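Values in this document were obtained by computation on a predicted structure and should not be read as measured data. We name chains A, B, ... by the order of the sequence lines, and we start the count at 1 in each one.
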2 protein chains.
Amino acid sequence: MGRHREFDVDKALDAALCVFWRKGYEGASYADLTEATGVERPALYSAFGNKEELFSRALDRYYERHLNYVPDALQKSTSKEVAAHMLYSAIDLNTRYEGHTGCLNLNGLLAGSDAAESVRQRLIDVRADGEAQFRERFERAKAEGDLPASAKPDALAAYLMAVLHGMAVQAKAGFSRGTLEAVAEQALSTWPASDAAISARSSQS
Amino acid sequence: MGRHREFDVDKALDAALCVFWRKGYEGASYADLTEATGVERPALYSAFGNKEELFSRALDRYYERHLNYVPDALQKSTSKEVAAHMLYSAIDLNTRYEGHTGCLNLNGLLAGSDAAESVRQRLIDVRADGEAQFRERFERAKAEGDLPASAKPDALAAYLMAVLHGMAVQAKAGFSRGTLEAVAEQALSTWPASDAAISARSSQS
DNA sequence: GCGGTTTAATAACGGTCGTTATGAAAAGCA
DNA sequence: TGCTTTTCATAACGACCGTTATTAAACCGC
């Protein structure tokens, strides 16, 4: 007996998941959660427990619903296929939703409240500056023949930064799907050799 | 005229830098900053302005003092040397200080307050679980001959996750220097081929 | 319809956040 | 020594944080 619950627990959890995905754990306030879920705070507490438990539930659901390609990847017949499946699935996940890019797991360690938006933007800008330096450096290397003509300096710069910072961080910073795909290709291949080295190698065989 | 400043502005900024490095922007409170710097709040405000300006000053100093290997890397003669210099310098920076691992830039997007420590640990654990799955999968691939006997499954798993999450995130999660170095090696090479493919290639030449 | 039980919404709790008013202490100049 | 100026430490500010008492409303079995 007793009064019936008036909201859909699963839908509320999905809405909370999106909030955590976008703002991280600390960055997501109950004001955000009540607005996104349409459920008042005490109802969230009675349904999910405290904030940490709610986040834990959202994290579990994230792995069940959005990271469900991991088992598929693990079942591929070769390790390289496993890696490729993971990389391209992650790109898809990280860029599918415009509102919450990146990975919930990492964004929980990444994002802050709205009050820190300008700071985050500043960090993103500084990061982009660093990448631009490498892109320019690789453009120069390409002009000097250090890199083959087929080399994509922006993709190389993105790859190097991806190894430094991670693809999920790049997705959070608003990178395009195409850029992430280029990073994945580089991650699965080797660093390009110069045209001179290539011609030397082909003349050797 | 007027009273003289009783604390060293540079030392206070260095102390604040370490706090931001470890806890991120939002995660670093003025209670933390006053404790680390030994300077009371009003003095920090008069010397640096508000929190955002103090962080901006710390970020500038971080780039000047700790990321000063970037220009050196950019001056290397080949792009691969540039990448290698960056990768190994970053490993050194990310693991040099036990108190503030990783990268200040990323940790500003990563860390939260102490109250969220258990949540962060939870995320770290989940991340480690994901990596363990790939390590196990690569161990199986090694046993099946999909990977050569010289392959290091834990290094391969770390590499794949590094492409997904980034080296700085791994450093923040407490990874060893050796693991990061292995990731850098992988990032500079290609994915290992199976022993069968290697013998086929060598018999071809 | 009534009692017992569960949920709903309002409002408030103590605590901490970043920030600042306030008055005492120290320094240079007259 | 006084006067002015700057810095110092104490303490408080309003706002928001996560959390919860409190009270009204909705449901079930009788």
Whole-Å distance between [N] [atom2] and [X] [atom1]?
X: D8(B); N: dT7(D); atom1: CG; atom2: C1'; value: 16 Å
X: E40(A); N: dA12(C); atom1: CD; atom2: C1'; value: 14 Å
X: R5(B); N: dT5(D); atom1: CZ; atom2: P; value: 18 Å
X: L44(A); N: dA9(C); atom1: CG; atom2: P; value: 11 Å
X: F55(B); N: dT19(C); atom1: CZ; atom2: C1'; value: 19 Å
X: E35(B); N: dC17(C); atom1: CD; atom2: C1'; value: 17 Å

Listed partners of R3(B) passing side chain to side chain contact (heavy atoms under 4.5 Å, CB included), at least two apart: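 With sequence neighbours excluded, R3(B) shows a side chain to side chain contact (heavy atoms under 4.5 Å, CB included) to E6(B), given in chain and number order.
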pair K51(A)-F20(A): side-chain heavy atoms closer than 4.5 Å: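 A side-chain contact under 4.5 Å exists here.
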Side-chain touch Y97(A)/R22(A), heavy atoms, less than 4.5 angstrom: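 Side chain of Y97(A) against side chain of R22(A), heavy atoms only: no contact under 4.5 Å found.
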Distances under 3.5 Å only, N/O to N/O: pair up the protein atoms with those of nucleotides 14-17 of chain D.
from	atom 1	to	atom 2	distance (Å)
dC17(D)	OP1	S29(A)	OG	3.4

Between Y30(A) and Y45(A), ring centroids under 6.0 Å: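 Yes.
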Residue-phosphate contact under 4.0 Å: N50(A) side-chain N/O, dT19(D) OP1/OP2: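 Checking dT19(D) against N50(A), a side-chain N or O does come within under 4.0 Å of OP1 or OP2.
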L33(B) and L54(B): CA distance, side-chain angles, deciding distance, side chain to side chain contact (heavy atoms under 4.5 Å, CB included) verdict: CA-CA 10 Å; L33(B) 293 169; L54(B) 173 56; 4.0 Å; yes
Annotated protein contacts, base or backbone, on nucleotides 22-30 of chain C with a non-hydrogen cut-off under 4.0 Å, one of B, S, - each: ---BBBS--
Nearest-0.5 Å distance that lies between atom CG in D60(B) and atom CZ in R65(B):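 These two atoms lie 11.5 Å from each other.
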Enclosure of E53(B) CD (heavy-atom neighbours >12, cutoff 6.0 Å):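 Correct, the count exceeds 12.
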L13(B), V9(B), T34(B) screened by side-chain contact (heavy atoms from CB on, under 4.5 Å) with L44(B), the one that passes: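 Looking at L13(B), V9(B), T34(B), the match for L44(B) under the side-chain contact (heavy atoms from CB on, under 4.5 Å) is T34(B).
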